[in-house]
> 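Below you'll find the structure I mean.
Numbering of residues begins at 1 and proceeds along the displayed sequence.
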Amino acid sequence: CIAAAAAPALARRVYDVGGGERISFDVMLLRVRASLPFGTLPLPVPYGLARTCASLARSARTFAAASPAALQRMNEDLVAENAPAISDFGWSPRDFRPRADDWTPPPLP
């Protein structure tokens with residue numbers, strides 16, 4: 001990031017950057033579950049019920065990120081085109097392979 005920010009040729013440019021692979025939402029959830037330091041049980045929820053719960057959580061301000069729009073995006077192709085970032089400043093994203101320690105916050109200083 002520092003090298004890209006310091007490059008004059010990249011000034012005032014915006015880049016879409018994504019991960020190193022294209023995976024479905026289901027695969028992403030499977031990898032997250034596998035990486036958690038505790039067991040999980042998947043619970044399929046009908047879309048209509050999930051949408052209603054997201055609306056309720058948002059209106060109650062208990063989970064601000066919950067929204068029907070966020071649920072809709074789970075069914076959309078959200079792939080970013082990495083080619084310009086790769087060629088202009090060597091963007092090299094890794095595959096989505098979370099580990100258990102990714103979910104543990106670092107100790108406070």
> How long is the gap from CG on D26 to CZ on R31, to the nearest 0.5 Å?
12.0 Å

> Keeping E81 on the side-chain end and A83 on the backbone end, is there a donor-acceptor pair under 3.5 Å?
yes

> Please answer whether the main-chain N or O of A85 pairs with a side-chain N or O of D88 as donor and acceptor at a distance below 3.5 Å.
no

> What pair of heavy atoms forms the shortest contact from A100 to P37, and how long is it?
CB-CB, 4.2 Å

> What's the separation between atom CG in L78 and atom CG in D16, rounded to the nearest 0.5 Å?
11.5 Å

> So, are D77 and R22 salt-bridged, with charged N and O less than 4.0 Å apart?
no

> So do the side chains of N82 and Y15 get within less than 4.5 Å of each other, counting heavy atoms only?
no

> So, T40 and R33: side-chain donor and acceptor under 3.5 Å apart, yes or no?
yes

> Under 4.5 Å between side-chain heavy atoms, counting indirect links through other Ile/Leu/Val/Met/Phe/Trp/Tyr residues: same cluster for F25 and L30 or not?
no

> Is L29 reachable from V45 through a run of hydrophobic residues whose side-chain heavy atoms are each under 4.5 Å from the next?
no

> Which pair of non-hydrogen atoms, one from E21 and one from D95, has the smallest distance, and what is that distance?
OE2-CB, 3.3 Å

> Going only through I, L, V, M, F, W and Y residues with side-chain contacts under 4.5 Å, is there a path from W103 to F38?
yes

> Which atom pair, heavy atoms only, marks the closest approach of S35 to P98?
CB-O, 3.1 Å

> Would V17 and F96 show up in the same hydrophobic cluster when neighbours are defined by side-chain heavy atoms closer than 4.5 Å?
no

> Identify the heavy atoms of P93 and G20 that sit nearest to each other, and give their distance.
CB-N, 3.6 Å

